[in-house]
**Q** 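To start, I am sharing the structure in question, which I have written as structure tokens.
Within every chain, numbering begins at 1; the chains are lettered A, B, ... in the order of the sequence lines, protein sequences first and strands thereafter. No hydrogens, no waters, no symmetry mates; every other heavy atom, side chains included, goes into these values. Computed from a predicted structure; not experimentally measured.
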Amino acid sequence: MPLIKREYNGKSPEDFRLVLDFEGMENPQGIDAYKSKKGYEALTAVLKEKRKPDDLIQLVKDSGLRGRGGAGFPTGLKWGFVPKDAPEKYLLCNFDEGEPGTYKDRYITEISPHMLVEGMVISAYAFGAAKSYVYLRGEFYDEIGWTEKAIREAYDAGFLGENILGSGFTHHMDVYTGSGAYICGEETAMISSLEGKKGQPKLKPPFPAVAGYLGKPTVVNNVETLAVVPWIVRNGAEAYRAFGTEKSPGTKLFNLSGPVKNPGCFEVPLGYPLKRFIEEEGGGLLDGKKLKAVIPGGASAPVLTAEEVENITLDYECLQAAGSMLGSGAVIVIPEDVSMVDVLDNLMHFFKSESCGQCTPCREGTGWLGSMAHSLAAGHGQASDVERVAAIASQMAGKTICAFSDAAAGPAMSIVQKFPHEFQSRFG
Amino acid sequence: MSQEQSVQLTVDGREVSVPAGSTIMEAVRKLGEIEVPHFCWHPGLSVAGVCRFCMVKIEGVPKLQIACNTEVREGMAVDTIAADVKEAHKWALEFHLINHPLDCPICDQAGECELQNYYMKVGKYTSQMDEDKVLKPKALDVGDTLVLDTERCILCSRCVRFEDEITKTSTLGIFNRGDRAVIGTFPDRRIQHNYSYNLADICPVGAFTAKDFRFQCRVWFLKESESICPGCSTGCNVKVFQNGNSREYFRLKPLENPEVNGHWMCDYGRTQFEHLNVKDRLVSPLGADNSALSWSDAAARFGELVKSQAGADNGKVALVLTPQHTNEEFSAIFSHLKSQLGREPEVFVWREATEERDSFDGILFRGDRNPNTRGLEDTLKELGVSAKECSGLKDVGLSQAQLAVVLGPEVERAYPSLETDLAVLREMPAVVYFGNHRSQAAAGLSLRVPTLVFTEKEGTYVNHAGLKQTLKANARVMPSLKSLTEFLGGA
Ligand SMILES: Cc1cc2nc3c(=O)[nH]c(=O)nc-3n(C[C@H](O)[C@H](O)[C@H](O)COP(=O)(O)O)c2cc1C
Ligand code: SF4
Ligand code: SF4
Ligand code: SF4
Ligand code: FES
């Protein structure tokens with residue numbers, strides 16, 4: 001069962017189950033199973049005790065919860081940006097889960113979709129949204145069913161709809177399915193898509209908290225971010241801060257993939273050593289292979305060499321200092337027998353396919369890098385090509401409407417800079 | 001603008017003050033001396049922020065920012081020439097060009113193409129592109145007036161925004177994504193409205209080209225001058241393009257005037273160069289038998305016809321005016337007749353019988369297809385004349401006149417019932433017809449005298465809103481042509 005293997009920071013492995021509390025339970029998905037372990041108690045308390053919305057925002061601020069969709073933006077702060085007096089506001093749950101290597105959000109809804117629903121209703125109450133949408137990746141057929149079923153059950157049990165639990169608070173929730181474009185995971189592209197437009201990011205400012213879905217104040221949060229809110233409401237900010245680091249409180253779901261013995265989804269306290277994660281939770285590499293590199297946070301995160309991995313801890317600040325990012329928490333292990341030239345080709349093919357194409361540096365840069373990586377992998381490259389990859393990537397970064405261009409540039413730059421020798425042996 | 005609503009900033013050390021809420025791009029434009037390179041921004045459209053060309057550096061801000069969507073702040077120090085800004089401009093241009101087909105030798109935009117212009121201003125690099133270019137559909141027939149080359153398109157989205165925001169026809173979209181993104185019309189849609197040529201204007205490259213200009217003339221042979229469109233009572237300000245050597249006119253484009261037409265003009269207005277060229281012009285006076293007369297003979301004949309009606313006890317003389325000439329011309333012909341006759345002629349204002357004078361399309365185009373309805377009214381009032389306004393010339397009392405002096409329409413298209421009205425004139429004992437068309441419509445009248453067209457004369461038009469606008473004179477297509485006052489001076 002994906003759980004950390006042994007005591008960490010004086011806590012036993014079982015203590016680290018905030019989000020995956022229901023893992024291992026027989027039929028955990030239904031509302032009764034959820035209620036058997038404190039499910040909907042947080043929402044009930046909030047509404048019965050008529051907790052002040054601002055107090056909830058403050059609570060989430062105090063907990064230090066940071067967005068789990070990739071950017072790590074402080075959640076309470078985001079809610080605080082929403083104008084108080086706006087008559088119409090929206091909450092959007094980002095369940096696009098497009099980052100290659102990531103499968104944590106689907107795991108949450110596989111085990112406890114009600115945790116997401118409860119978290120969404122509380123969050124909506126905190127900043128005053130009467131309507132929310134779960135924007136769900138179109139190919140996630142099972143997850144669409146699970147989420148819709150949970151929403152229906154919540155309506156039937158009176159946790160959704162008009163005048164919830166007699167509190168005067170009304171909230172409606174719907175699922176909206178996308179069509180599998182990676183870019184629709186970017187929050188403003190998601191809003192465009194939800195509005196029925198071409199799924200491409202919007203120019204900021206204005207930011208969604210001020211003018212989002214249909215031009216109304218909108219909060220976009222990731223599934224995991226919203227799912228942990230009930231726990232924080234039940235246990236308090238201090239209890240949450242007991243996990244993780246000063247700047248990265250709490251636990252986070254990590255998805256381990258690549259040739260390791262135990263790939264899977266693990267709930268791990270932030271600040272946890274990456275090396276220990278791969279060796280103990282992952283059981284090390286298959287067939288005694290040596291580690292070459294790790295992509296620590298999904299395809300958008302610059303790669304780390306095996307030496308760098310030695311001292312990395314899984315939190316926002318350490319990975320940022322190392323020139324990479326925690327991202328979505330998808331840890332992709334690359335063994336010694338995989339060529340970084342092929343890794344570059346694979347990644348650049350992805351970004352070339354998925355750029356929405358509106359910003360020139362991203363549209364042209366991803367296409368260019370895709371072609372170059374392909375010709376390098378096919379053995380047609382030369383030394384100047386490697387320099388060109390770095391030059392192109394450096395001009396794509398920080399110059400576009402959304403972070404996609406940076407997400408493509410970072411990995412390209414890190415691969416050519418950290419593994420130049422691997423390219424030399426493939427020159428034509 | 002009150003003091004507290006304006007913001008003071010510097011751009012490359014130069015101070016400028018703009019209304020709060022303006023963008024850096026607007027501040028730079030106001031300053032005038034500096035240009036931040038841009039493709040997608042257009043002053044008449046919403047901000048898209050997609051080309052990422054307009055990068056500037058702002059003191060205290062770590063990353064470069066786009067000028068078109070960054071609001072000014074008090075005391076902001078903007079730098080458009082720092083080394084990293086220049087590098088960013090160069091790269092942005094290179095990104096735009098890597099998949100560009102470089103059709104310049106066969107592209108009508110060459111010479112006025114923003115890719116070419118910016119390459120000279122901020123580019124001048126050696127291309128680093130070795131890979132194959134992305135190929136896209138070319139020479140698409142997307143409307144009656146336009147051809148679209150999607151490969152030349154730099155995806156600035158100006159045309160899409162024009163269709164969405166100005167004409168609200170939403171014919172265009174950008175389809176697919178990444179470097180396969182391509183401009184195009186929605187299925188089964190064509191660009192069919194009265195503002196289509198504006199798309200060719202705002203397209204910074206040669207993706208949209210105008211059918212009536214394709215392969216006609218290299219733009220560097222064209223001389224540009226300013227004028228007023230004679231197509232309707234809006235009076236759009238225009239740029240007129242004429243071959244510097246042959247004097248042939250090739251096209252009209254809008255000239256920005258926020259008070260009148262903003263950045264646009266209509267397609268009907270665009271055609272107002274067709275009647276200017278020699279092949280369609282009446283170039284010498286003609287007699288009743290359609291034989292050419294010298295200017296001096298024509299002046300003498302006109303003088304005799306008028307003199308024969310002089311004196312109080314003589315028959316009626318009609319002066320028939322169309323609202324297509326300048327205030328000065330109206331006044332000159334009236335005063336000439338008055339002094340020669342020793343009394344006032346009876347004045348008729350000749351309007352097209354079928355016109356829907358008050359119609360308006362909500363953008364620019366008006367049902368009053370005359371550039372100077374207001375000017376004619378004002379001039380007559382100043383002269384103290386009460387004229388008879390006629391909807392067509394039938395049964396308006398012209399038959400009682402012995403002589404009619406007519407300033408016919410410069411734009412005959414605005415008078416679809418011209419033949420019927422000329423038939424009325426043909427019944428009269430004597431008609432002197434001033435016109436600029438070679439067409440046979442006015443054949444058989446006693447005397448036909450050529451006039452100058454709007455691009456060849458100085459004078460005043462007053463538009464529908466009462467705004468006085470001044471025409472400037474270009475060289476005449478034939479040096480022998482005479483203006484109305486020159487002609488009257490000889491008569
Ligand atoms: C290209 C791109 C793809 C993204 N994909 C996702 C995604 O699949 N799921 C997600 O939650 N956030 C994704 N994000 C991040 C969202 O834009 C946004 O920051 C996030 O949903 C906010 O929620 P959070 O604050 O709870 O993390 C993506 C961002 C970018 C730039
Ligand atoms: S950076 Fe790329 S993906 Fe993001 S908006 Fe621009 S073109 Fe689209
Ligand atoms: S066709 Fe022209 S105006 Fe339209 S997006 Fe392309 S370059 Fe821009
Ligand atoms: S709107 Fe009227 S004045 Fe303007 S271009 Fe058209 S015809 Fe000419
Ligand atoms: S002009 Fe500013 S991004 Fe295009």
Side-chain angles (χ1 to χ4, degrees), chain A residues 179 181-184 189 197-206 348-376 380-382 384-385 387-402 404-406 408, chain B residues 23 38-41 46-55 61-66 68-71 84-85 87-100 115 125 127-134 153-157 160 164 170 173-183:
Chain A
S179 300
Y182 169 64
I183 194 59
C184 287
K197 300 179 185 145
K198 185 177 180 184
Q200 57 186 25
K202 298 186 184 202
L203 194 59
K204 285 147 277 192
M348 293 307 115
H349 177 76
F350 173 76
F351 289 113
K352 178 187 169 117
S353 316
E354 297 293 335
S355 161
C356 89
Q358 39 171 356
C359 315
T360 306
C362 175
R363 173 183 69 243
E364 303 298 333
T366 52
W368 201 355
L369 289 181
S371 311
M372 291 191 69
H374 193 67
S375 90
L376 284 162
H380 304 313
Q382 54 191 34
S384 63
D385 292 344
E387 286 158 30
R388 273 200 299 153
V389 168
I392 295 164
S394 75
Q395 289 296 329
M396 287 165 64
K399 294 207 167 65
T400 51
I401 290 179
C402 87
F404 181 100
S405 195
D406 298 76
Chain B
T23 60
H38 59 274
F39 286 126
C40 68
W41 185 79
S46 65
V47 174
V50 293
C51 73
R52 318 304 290 181
F53 196 12
C54 63
M55 291 285 170
V61 178
K63 285 201 282 188
L64 302 185
Q65 301 292 320
I66 52 172
C68 66
N69 196 45
T70 307
E71 214 175 276
D84 50 345
V85 176
E87 185 72 2
H89 291 164
K90 208 173 77 181
W91 268 92
L93 185 66
E94 174 147 28
F95 280 130
H96 277 93
L97 277 163
I98 58 167
N99 281 308
H100 190 77
L115 283 170
Y125 55 80
S127 171
Q128 306 179 63
M129 176 75 172
D130 268 347
E131 287 64 33
D132 291 341
K133 292 187 187 230
V134 177
C153 166
I154 56 168
L155 298 163
C156 70
S157 83
V160 178
D164 288 348
S170 299
I174 293 173
F175 304 91
N176 211 329
R177 65 180 182 225
D179 65 356
R180 287 90 56 220
V182 60
I183 186 74

**Q** Can you measure from CG (L203(A)) to SG (C68(B)) and round to the nearest 0.5 angstrom?
**A**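 Here the rounded value is 7.0 Å.
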
**Q** For Q395(A) and E87(B), which heavy atoms make the closest approach, and how far apart are they?
**A**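 Scanning both residues, the minimum pair turns out to be NE2-CG, 3.8 Å.
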
**Q** Using non-hydrogen atoms only, which part of I66(B) is less than 4.5 Å away from chain A: side chain, backbone, both, or neither?
**A**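 The answer is the side chain of I66(B).
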
**Q** Distance check, rounded to the nearest 0.5 Å: S353(A) atom OG versus D179(B) atom CG?
**A**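 Rounded to the nearest 0.5 Å, the OG-CG separation comes out at 9.0 Å.
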
**Q** If you count heavy-atom pairs within less than 4.5 Å of chain B, which of M396(A), H374(A), K352(A), E364(A) leads?
**A**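 The residue among M396(A), H374(A), K352(A), E364(A) with the greatest pair count is E364(A).
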
**Q** Check the angle between the aromatic planes of W368(A) and W91(B) and answer parallel, tilted or perpendicular using the 30° and 60° thresholds.
**A**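 Plane angle between 30° and 60°, so tilted.
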
**Q** Walk me through whether I401(A) and V50(B) qualify under side-chain contact (heavy atoms from CB on, under 4.5 Å).
**A** CA-CA 7 Å; I401(A) 290 179; V50(B) 293; 4.0 Å; yes

**Q** Measuring heavy-atom distances to chain A, does I98(B) have an atom under 4.5 Å in its side chain, in its backbone, in both, or in neither?
**A**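 Looking at I98(B), just its side chain touches chain A.
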
**Q** Measure across S371(A) and E131(B) and return the closest heavy-atom pair with its distance rounded to 0.1 Å.
**A**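 Minimum heavy-atom contact is CB-CG, 3.8 Å.
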
**Q** Picking from S355(A), A181(A), G398(A), which has the most non-hydrogen pairs under 4.5 angstrom with chain B?
**A**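 Of S355(A), A181(A), G398(A), S355(A) has the most heavy-atom pairs under 4.5 Å with chain B.
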
**Q** Taking G370(A), G367(A), C362(A), S384(A) one by one, which has the highest count of heavy-atom pairs under 4.5 Å against chain B?
**A**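 Looking at each of G370(A), G367(A), C362(A), S384(A) in turn, G367(A) comes out on top.
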
**Q** Can you name the nearest heavy-atom pair linking C51(B) to P361(A), along with the distance?
**A**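 It is O-CD, 4.1 Å.
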
**Q** Can you measure from CZ (R177(B)) to OG1 (T366(A)) and round to the nearest 0.5 angstrom?
**A**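 Here the interatomic distance stands at 10.5 Å.
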
**Q** Considering only heavy atoms, which portion of I183(A) lies under 4.5 Å from any heavy atom of chain B: side chain, backbone, both, or neither?
**A**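 Neither part; nothing is under 4.5 Å.
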
**Q** Which bit of Q65(B) comes within less than 4.5 Å of chain A, counting heavy atoms only: side chain, backbone, both or neither?
**A**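 Neither part; nothing is under 4.5 Å.
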
**Q** Working to the nearest 0.5 angstrom, can you tell me the gap between D130(B) CG and M372(A) CE?
**A**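 D130(B) CG to M372(A) CE: 7.5 Å, rounded to 0.5 Å.
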
**Q** Of the non-hydrogen atoms in F175(B) and K198(A), which two are nearest, and what is the gap between them?
**A**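 For F175(B) versus K198(A), the nearest heavy atoms are C-NZ, 4.1 Å.
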
**Q** Counting only N and O atoms by type, is there a donor-acceptor contact under 3.5 Å from the side chain of R52(B) to the main-chain atoms of K399(A)?
**A**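 A pair under 3.5 Å: yes.
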
**Q** Are the side chains of R363(A) and L155(B) in contact, using a 4.5 Å heavy-atom criterion?
**A**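 Yes, their side chains come closer than 4.5 Å.
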
**Q** Side chain from CB out, backbone as N, CA, C, O: work out which of these in A88(B) comes under 4.5 Å of a heavy atom of chain A, or both, or neither.
**A**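 Both backbone and side chain of A88(B) come within 4.5 Å of chain A.
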
**Q** Under 6.0 Å from the NE2 atom of H349(A), do we count more than 12 heavy atoms belonging to anything else shown?
**A**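 12 or below, so no.
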
**Q** Under a 4.5 Å heavy-atom cut-off, does chain A meet the side chain of V134(B), its backbone, both or neither?
**A**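 Contact with chain A: none, neither part.
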
